[in-house]
Protein chains: 2
Amino acid sequence: MKKLLKIGELAKQAHVTVATIRYYESLHLLEPMSKAENGYRYYDDEAVTRLLFIKQAQTLQFSLAEIQQVFDVRKQGEPVCTLVKTLIDCKIAALEQEIQQATARKTMLETYRTSWAARPLDNPSDVKVCSLIEEVRLTLNRLEAI
Amino acid sequence: MKKLLKIGELAKQAHVTVATIRYYESLHLLEPMSKAENGYRYYDDEAVTRLLFIKQAQTLQFSLAEIQQVFDVRKQGEPVCTLVKTLIDCKIAALEQEIQQATARKTMLETYRTSWAARPLDNPSDVKVCSLIEEVRLTLNRLEAI
DNA sequence: GTAAACCCTGAGGTTGGCTTGAGAGTCACC
DNA sequence: GGTGACTCTCAAGCCAACCTCAGGGTTTAC
């Protein structure tokens, strides 16, 4: 039996803060293996694994609620594969949309920037509002019409 | 001189809620042209333009704080072009990064999904944790090493 | 004249994933 | 035995961009 970790040691090993660990506990994402009489939490090595998994799942866009869901299913002794696969499919679809939208926005901004490159600065006394702002409005109106 | 708009009319024309308009006012993004004795706000047509601009700038990823910044500079009688251009450049760079990251995550998820396609469901009594979860961990570790 | 539809202020709630703070107990080392 | 590093609980704060509610006053249409 390996040495149990105190919360600070666990935090260090998993590269999170102790507050985060306690926060996860409040969400029932990670329970200490045991709690001493003085209230100190003690963790085994699996806690490190679990924390790393959480962090990794987060980089895959899993919310804590979804991670919780996965853990719950697993806790019931059922295979989580189906759930995880479904979640992954959703994530991929969501990412696809996100990428498309971001790309569209980027294209918009670039078009916009290009159309300005040759233009001199507004003369403040000349314009009611910045001509670039006006241009944004027009550009956007045109884009919205598409 | 055109007819002034009450907040509800402005809201309808600009396709926002009255609560949003009041919220923007609290951020000094949009002030009513005048305020009657009964406290009613009255707006001119420029308010519609301004609200539309805000919404459009938002679709370009401008935060309300940034929009505020643009308005502030303009209020001082200076051309906002330089600021707007700078902001746009930042947005483009940020979007680029966002797209890259999203694409990387999507690729990761797809690789992951593919590698599972042929795999049978875990037998619950067989595995300590879901093998897919383990796979995630390993996949991620590999990817992180890149 | 009355009822519906509008307007006001001010405070609080929402979402997610934490972080910070107060106030106090515990432990490890010298 | 003291002091500094650690731990505890509970509560509140943070970010952004709003939304909702309570408890009023006002206007407008019939």
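Residue numbers start from 1 in every chain, and the chains themselves are labelled A, B, ... in the order their sequence lines are given, proteins ahead of strands.
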Tell me whether the OP1 or OP2 atom of dC19(D) has a side-chain N or O from Thr17(B) closer than 4.0 Å. yes
Which of these passes ring pair (Phe, Tyr, Trp, His ring centres under 6.0 Å) with Phe53(B): Phe62(B), Phe71(B), Tyr24(B)? Phe71(B)
Nearest-nucleotide check on DNA chain D, Lys6(B) vs Ser63(B); residue mapping nearer the 5' end is Ser63(B)
Is there a side-chain polar atom (N or O) of Thr20(B) under 4.0 Å from OP1 or OP2 of dC19(D)? yes
Rounded at 0.5 Å granularity, tell me how far CG in Asp89(A) sits from CZ in Arg113(B). 5.0 Å
Lys91(A) side chain to Gln61(A) backbone, donor-acceptor under 3.5 Å: yes
So, is Gln61(A) near the phosphate of dG17(C), with a side-chain N or O under 4.0 Å from OP1 or OP2? no
Tell me: OH of Tyr23(B) to C1' of dG13(C), nearest whole Å? 14 Å
Give one of base, sugar-phosphate or nothing for Lys55(A), where a contact means two heavy atoms less than 4.0 Å apart. sugar-phosphate
Cation-pi, Tyr43(B) ring and Arg50(B) (6.0 angstrom, 45 degrees): no
Distance below 4.0 Å between Tyr24(B) side-chain N/O and dC18(D) OP1 or OP2: yes
Any Gln58(B) side-chain N or O less than 4.0 Å from OP1/OP2 of dA16(D): no
Between protein and nucleotides 8-11 of chain C, what N or O pairs are separated by less than 3.5 Å?
residue, atom, partner, partner atom, Å
dC8(C), OP1, Arg41(B), N, 2.9
dC8(C), OP1, Arg41(B), NH1, 2.8
dC8(C), OP2, Arg22(B), NH1, 2.3
dC8(C), O5', Arg41(B), NH1, 3.4
dT9(C), OP1, Lys35(B), NZ, 2.8
dT9(C), OP2, Arg41(B), NH1, 2.8
dT9(C), OP2, Arg41(B), NH2, 2.7

